[in-house]
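Nothing here was measured: the structure is a model prediction, and the numbers come from that model.
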Amino acid sequence: MQADVAGIRRSLEVLCEAGQVVELRALEVVTPKYPRPHTVSGYFNDHDLLAQQVPLLDKAKGIYLTLNPVNEALLARAMNRLRAVSDRDALSADSDILARRWLPIDVDPVRPSGISSTNAEHEAAAGRIQEIREALQDMGWPTPVAADSGNGGHLLYRVDLPNDEATRELLRRVLEALAFRFDDAVVTLDQKVFNAARIWKLYGTVACKGDNTPSRPHRPSRLVEVPDLCHVVDQGMLHALVASLPKPPAQPTTRQEHRGTPFDVEEWIADHMPGDLLGPRPWQGGRRWIFRVCPWNADHRNRSAFIV
């Protein structure tokens, strides 16, 4: 399965400003010259030339780019060209990023590592992405860029934030809040994609985890929906989502002796709560249950109610 050069060009138009320096990075590339799997990297401000280079990497496990603008000085590492890199070669670091332009949300089905998703798993991730999008829309968030990673689903929300520690912590907590509501035993949200130099799937390329089998096929990544205008998410909306996280339970400072009949929380919840309740799942050393529909307001169908 070949890369879709037109789709790659469209992705670059959507995700990058004209002339923005981006790093293209391909993992586990195999070529006749370098038969052992290796990483390939290059820095581009000519996005058309970048798109032309991608088909040369058709044996890569995955092809990615930096979402946020990279320091122009890094062009000197490999300007508008690809190079094989070793463990000693520098790649984009968080300190090389000029500003934050995207909040990425990555949802994947739970499965063994290193393999593609089944069609059912792929569809479950797509469904969860839609749930997240609708929940954020209910909170006033703008329409995001929606994409198919090949194995799961992506949402990209436009932000306009500095690359500093406060932004890093804010975006980390945003992802934590979303994972609290939307993770379960079938689908999880990647909470590690908050760092500034995070590389992201280049849409139009193929996701090639493991062997291409009938039950777990390799699929192309692609843009699913792009709004006419990507409105910036207001910082107040980000903070409001973080504020929805419950505070971690306080730990007792002294050992307390329990007297009387033991109380089984799980049994009580099973007996008294509505059937459409997800959990329990581990959280902060305890457990949490999520209501698909709020038991106090049936109009709230966005997993906003919970028990911890």
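- At distances below 3.5 Å, at least one donor-acceptor pair connects side-chain atoms of Tyr43 with backbone N or O atoms of Ser92.
- Counting only heavy atoms from C-beta outward, the side chains of His154 and Lys201 approach each other to under 4.5 Å.
- Note that CD of Gln130 is 8.5 Å distant from CD of Gln137, once rounded to the nearest 0.5 Å.
- Annotation: side chain of Pro37 is not in contact with side chain of Lys61 (no heavy-atom distance under 4.5 Å).
- A donor-acceptor pair under 3.5 Å links the side-chain atoms of Asn80 to the main chain of Asp46, judged by distance alone.
- Taking both residues in full, the closest heavy atoms of Cys230 and Pro227 are given as SG-CG, 3.7 Å, listed atom of the first, atom of the second, then distance.
- Residues Leu82 and Leu74 do not share a hydrophobic cluster, clusters being chains of Ile/Leu/Val/Met/Phe/Trp/Tyr side chains in contact below 4.5 Å.
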Go through it in stages, so that I can follow the logic: the residues are Val187 and Asp108, the test is side chain to side chain contact (heavy atoms under 4.5 Å, CB included), and I'd like the CA-CA distance, side-chain angles, deciding distance and then a yes or no. CA-CA 6 Å; Val187 172; Asp108 257 329; over 6 Å; no
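- Taking OH from Tyr64 and OG from Ser41, the interatomic distance works out to 14.0 Å, rounded to the nearest 0.5 Å.
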Apply side chain to side chain contact (heavy atoms under 4.5 Å, CB included) to Arg216 and Glu121, showing your working. CA-CA 10 Å; Arg216 295 186 177 276; Glu121 290 168 345; 2.8 Å; yes
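- Using a 4.0 Å cut-off between charged nitrogen and carboxylate oxygen, Glu13 and Arg9 do not count as a salt-bridge pair.
- Residues Cys16 and His47 approach most closely at CB-CE1, 3.6 Å, considering heavy atoms.
- Taking CD of Glu225 as the reference point, atom CG of Leu155 lies at 10.0 Å (rounded to 0.5 Å).
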Tell me, with the steps shown, if Val174 and Phe194 meet side chain to side chain contact (heavy atoms under 4.5 Å, CB included). CA-CA 9 Å; Val174 165; Phe194 58 83; over 6 Å; no
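- Using a distance-only test at 3.5 Å, with no hydrogens or angles considered, no donor-acceptor pair links the side chain of Arg100 to the main chain of Leu161.
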Begin from the C-alpha positions of Asn119 and Glu123 and carry the test side-chain hydrogen bond (donor to acceptor under 3.5 Å, both in side chains) through to its verdict. CA-CA 6 Å; Asn119 289 338; Glu123 290 168 9; 6.0 Å; no
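- Here the side chains of Ser117 and Arg111 are in contact, with some heavy-atom distance below 4.5 Å.
- For the pair Asp183 (side chain) and Phe180 (backbone), a donor-acceptor distance under 3.5 Å is absent.
- Enclosure of atom CG in Asn71 by more than 12 non-hydrogen atoms of other residues, nucleotides or ligands within 6.0 angstrom is indicated.
- The number of heavy-atom neighbours closer than 6.0 Å to CD of Glu72, taken from other residues, nucleotides and ligands shown, is 12 or below.
- Counting only heavy atoms from C-beta outward, the side chains of Leu223 and Ser11 approach each other to under 4.5 Å.
- Listed for the Arg101 side chain is no donor-acceptor partner under 3.5 Å among the backbone atoms of Leu15.
- Closest non-hydrogen pair, His218 versus Gly210, comes out as NE2-O, 2.8 Å.
- Panel note: side chain His38, backbone Ala84; no donor-acceptor pair is recorded below 3.5 Å.
- Side-chain atoms of His239 do not come within 3.5 Å of backbone N or O of Asp234 as any donor-acceptor pair.
- Taking each heavy atom of Arg181 and Ala135 in turn, the nearest pair found is NH2-CB, 3.8 Å.
- When the side chains of ILVMFWY residues are joined at heavy-atom separations under 4.5 Å, either directly or via intervening members, Leu238 and Leu241 end up in a single hydrophobic cluster.
- Shown here for Val30 and Pro35, the closest heavy-atom pair between the two residues is CG1-O, 3.4 Å.
- Contact check for Leu98 versus Asn68: no side-chain heavy atoms found under the 4.5 Å cut-off.
- Hydrophobic clustering (ILVMFWY, side-chain heavy atoms < 4.5 Å, transitive): Ile132 and Leu156 are in one cluster.
- Counting only heavy atoms from C-beta outward, the side chains of Glu28 and Arg36 never approach each other to under 4.5 Å.
- Residues meeting the salt bridge (Lys or Arg N to Asp or Glu O under 4.0 Å) test with Arg83, sequence neighbours left out: none.
- Taking hydrophobic clusters as Ile, Leu, Val, Met, Phe, Trp and Tyr residues chained together by side-chain heavy-atom distances below 4.5 Å, Val206 does not share a cluster with Leu50.
- Between the side chain of Arg128 and the backbone N or O of Phe182, at least one donor-acceptor pair lies under 3.5 Å.
- Partner Ile63 forms a side-chain contact (heavy atoms from CB on, under 4.5 Å) with one of Leu202, Val40, Val29 and no other, that one being Leu202.
- Between atom CZ of residue Arg172 and atom CZ of residue Arg168 there is a gap of 9.0 Å, rounded to the nearest 0.5 Å.
- Leu12 and Leu65 make their closest contact through CD2-CD1, 3.7 Å (heavy atoms, listed as atom of the first residue, atom of the second, distance).
- Under a hydrophobic clustering in which Ile, Leu, Val, Met, Phe, Trp and Tyr are joined whenever their side-chain heavy atoms come within less than 4.5 Å, directly or via other members, Phe44 and Ile199 fall into different clusters.
- Residues Val70 and Val22 have side chains not in contact (no heavy-atom distance under 4.5 Å, counting atoms from C-beta outward).
- Proximity of Leu245 to Arg173: side-chain heavy atoms (C-beta onward) are separated by under 4.5 Å at one or more points.
- Note: Ile8 CD1 to Ser221 OG = 8.0 Å, rounded to the nearest 0.5 Å.
- At least one donor-acceptor pair under 3.5 Å links the side chain of Asn163 to the backbone N or O of Asp94.
- Taken from CD1 in Ile97 to CD in Glu23, the straight-line distance is 8.5 Å, to the nearest 0.5 Å.
- Aromatic pair Trp141/His231: centroids not less than 6.0 angstrom apart.
- Looking at Asp211, its side chain never comes within 3.5 Å of a backbone N or O of Thr213 through a donor-acceptor pair.
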Residue pair Asp190, Val107: steps toward the side chain to side chain contact (heavy atoms under 4.5 Å, CB included) verdict: CA-CA 6 Å; Asp190 189 344; Val107 167; over 6 Å; no
